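Per chain, numbering begins at 1; letters A, B, ... match sequence-line order. Because only heavy atoms are used, hydrogens play no part in the values below, and waters and symmetry mates are left out as well, while side chains stay in. This structure is a prediction, so every number in the text was calculated from the model and none was measured.
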Amino acid sequence: MADLSTVFAGIKSPNPFWLASAPPSNSGEQVHRAFEAGWGGAVWKTIGAPVLNVSNRYGAFHYGGQKMVGINNVELISDRPLDVNLREIAEVKRAWPDRALIVSAMVESNPDAWRQIVRQIEDTGADGIELNYGCPHGMSERGMGSAVGQVPEYCEQITSWVKNVATIPVIVKLTPNITNIVGPARGAVAGGADAISLINTLNSITAVNLDNFEISPNIGGKGGHGGFAGPAVKPIALNMLAAVASDEVIVRSGVPISGMGGISAWRDAAEFVLLGASSLQVCTAVMHYGFRIIDDLCDGLSNWMDSKQIESLNDIRGKSLSRLSAFQDLDLAFRAVARIDQEKCIQCNLCYVACNDTAHQCIDLHNAIGQVVPPGHDVRSNGKKEATVNRPRPVVREDDCVGCRLCHNVCPVEGCIEMVELPPSRPAVTWSELSHVRPDITQDWDAMKRYREETGIHIH
Amino acid sequence: MDREEVRPDPLAELLPALSDHEATLEANRCLFCFDAPCTHACPTHIDVPNFIKKIATGNLIGSASTILKSNLLGATCARVCPVQELCEGACVLGAEHRPITVGRLQRYSMDFASDKGLELIRPGNPTGKRVAIVGSGAAGLSCAGELRKLGHEVVVFDKRGLPGGLSTYGIIKLREPIEVALAEADMISSLGAHFEYERELGQNLDFKELQAEFDAIFLAVGLGWTPRLGIPGEELIVDGLAMIEQSKTDEKRVVVGDKVLVIGAGNTAVDCATIAKRLGARAVTMVYRRTECEMSAYDHEYDFVKAEGVRFKFLTQPVAVLHDGEKVVGLECRSMQLGELDESGRATPVPIEGSEFIIETDQIIKAIGQEKPALAALLGIDTIRGFLKVNEEFETNLPNVFAGGDCIRATGSASTVMAVQDGKMAADSIHKKLSLSSGG
């Protein structure tokens, strides 16, 4: 069995999966049940300034019959009295000494307010503090949450206030609602943060009601942007994680990163780890299916690690970061083409229409004897036999295929369309190298034409 | 309260309507194939992925319109089509998974349009041309509707008191309730087609007058009653088509025996056996002179009727009805064996000498196909194996006299959807011909 135990900025947990600071960690009773289910840790729903909430606070983005591909919310930080939260945090921590219990906090942007909340949190026995610099709604208008996370200097300043008083590890949670997330990450590190977590939710409007034109969900006839999370944001989260995890300042500082944003299954978790996450936080998937998903998260990750003979998460953390590259450093001579496994092909011909209408027109339809035929059928032909036996099949003209990968992406059959790497027909070269030795081709289409002719690059 | 009245109708429509949730889930399962095989397999070439996609997006008006664009009898076809042989049989998901339930999704969209009373089809601008349609079954209604879309004046004559042909009278209720067929005829009527009932060619409808009064004629007369077996006591055998008709129009008066024999093994025979079983027969046995390999009922119908508890007696040919006065007491039969292949490629049954035996029964129903259209000779129309002969344009040897539906189905199996397509293509041919003759 692979070792899933985690030490994150000195905080230990039996597995890397923590409930993210959100509704699932709103009360002692909930966190208690989550720990019973097997969660390795929990970041308590943000406590701090007094707030009031509204109804219809969670919106959802459904797609193609899949419910809640994304969720958005205008729920604020905990609306339960501060003393109740603090008492329950202490109780849970006493009951579960082996689990990571971190408390998320957000207060007015002044040192006294932060000093006070840090002391209150430390009195509970919690393992760490997470500074919520991410909440994009309700709190940001009051100068908290993402209003802080969007300004690197504020991140640094507030982090340093907290670090001045805190004796337990301080994690800074970053907002993705910013052009370059590395800035605030560096700010947090400059302020002395012990760790970083990302991403918080994205600004979003999930829907408009087509009956009455209200923003959905409707809150007394109105609605507005809320924080978006869930499977739909995972690619954004992975990119931001990779950006921070590979930033030289962050790397030099050695601060660990807690990754989150759309983690729904163990595969997602593994990807976050490979891009540098040291612990993993989950919210939407739990809000969709309950605490019980921890079983597959742990089990799946562990089984995958066993199958790859990976003993501990430390062995693979950040292993894919070395594969990150800027576009200008990619090998322009790399070539792959789509190849359709005719045995697996069910002839839905989605690849054909995708290629033909929207990509590079290099898939043909072939009849049974290999002739290229147009789509369509005789109006007098019918019946399952004629429709299936004579159905044309898609075949890639590999010489014309630019390897765009669209057909592979739309194919509904696993393993049917593979991108096959071909031996390069010319020496490896990157755009950086090329623009260094042949600067003319970056400026002049005629020069580009000459270069293409020299190297045999044909674009149909 | 009369307990009989609250008992559910044993012949009520078998499949329930899909709920909104079921329909959406199923519609989202559709891959939305390009140039899809389901569309190819459908004789009317309904753009199946498109109408299903529109269910998924909640565009039910568009979904119903997409269906009706290719097939005006979408509601009937959704219920009676042998989808296993057509759209669903061709679904790419069928090989390794369940095919999309195209028929039931189509019914969902058509029910929506019908429940909301949507008028999704509009008549075309008047052309001044008049077309007579004889027969208001699937082919006749389809042709009438398509011609109205093109602006031609249409009068539909039917020998029966209700429109719809076999959809109304000949398809068992548990597949298609009579209301569905009548509503479809109403839709064609609301497009401006005029209907005249109880008008029969050769009786009170004169073909020469039709030729004089109309610019074109479309014959969609279907086929006749069940042919004679030519065995002693045949007058005591119940005609299967008549039984189905009564079960649709007057179910309470259908008389069913206790130990019933059904002669034949086609889809109509299956329906008769189902009616007998569901209306109280203790034992129902289908008697067929060939084997299950040659029977013409669709596989899914065969499976269905077996599940109903109907038994089969293969390689058995009726010889005589045994009766005690008017009361049927048995059917004398003879065992058969399979011989040479006939022209349809089916093995010919050959009697085994001295193999006669008796099956006890108190009711015998025959469902051995339908008689060929008797009109051909009367009207001077060429035939092929007894069916009306038409060219590629559905025109008979008589100029401007077209025909379609079961009455021309000399090859292949007759089906509602094929009749709909005939009517549609014939309408197109009629339109082309009438457009030419107007010098336009």
4.5 Å side-chain heavy-atom contact, Met418(B) and Asn382(A) | yes
More than 12 heavy atoms of other groups within 6.0 Å of Asn409(A) CG = yes
Which value, rounded to the nearest 0.5 Å, describes the distance between Leu31(B) atom CG and Ile346(A) atom CD1?
-> 5.0 Å
Taken to the nearest 0.5 Å, the spacing of Lys384(A) NZ from Cys87(B) SG works out to 11.0 Å
Look at Gln421(B), Arg29(B), Met425(B) and state which one has the largest set of heavy-atom pairs under 4.5 Å with chain A.
-> Met425(B)
One should read off an interatomic distance between Cys348(A) SG and Phe32(B) CZ, to the nearest 0.5 angstrom, of 12.0 Å
Heavy-atom distance under 4.5 Å to chain B: side chain of Pro412(A), backbone, both or neither?
-> side chain
When rounded to the nearest 0.5 Å, the distance separating CG of Asp422(B) from CZ of Arg380(A) is 8.5 Å
Distance (rounded to the nearest 0.5 Å) between Glu386(A) CD and Leu86(B) CG | 11.0 Å
Can you tell me if CG on Leu210(A) sees more than 12 non-hydrogen neighbours from other groups inside 6.0 Å?
-> no
Side chain / backbone / both / neither for Glu392(B) at chain A, heavy atoms under 4.5 Å | both
May I ask you to name which of Pro49(B), Cys42(B), Pro43(B), Ala95(B) has the most heavy-atom pairs under 4.5 Å with chain A?
-> Pro43(B)
Which atoms of Val379(A) approach chain B - backbone, side chain, both or neither, heavy atom under 4.5 Å | both
What heavy-atom pair brings Pro37(B) and Ala387(A) nearest, and what distance separates the two atoms?
-> O-CB, 3.3 Å
Under a 4.5 Å heavy-atom cut-off, does chain B meet the side chain of Ser381(A), its backbone, both or neither?
-> both
Ring geometry between His377(A) and His40(B) (parallel below 30°, tilted from 30 to 60°, perpendicular above 60°) | parallel
So what's closer than 4.5 Å to chain A heavy atoms on Thr44(B): side chain, backbone, both or neither?
-> neither
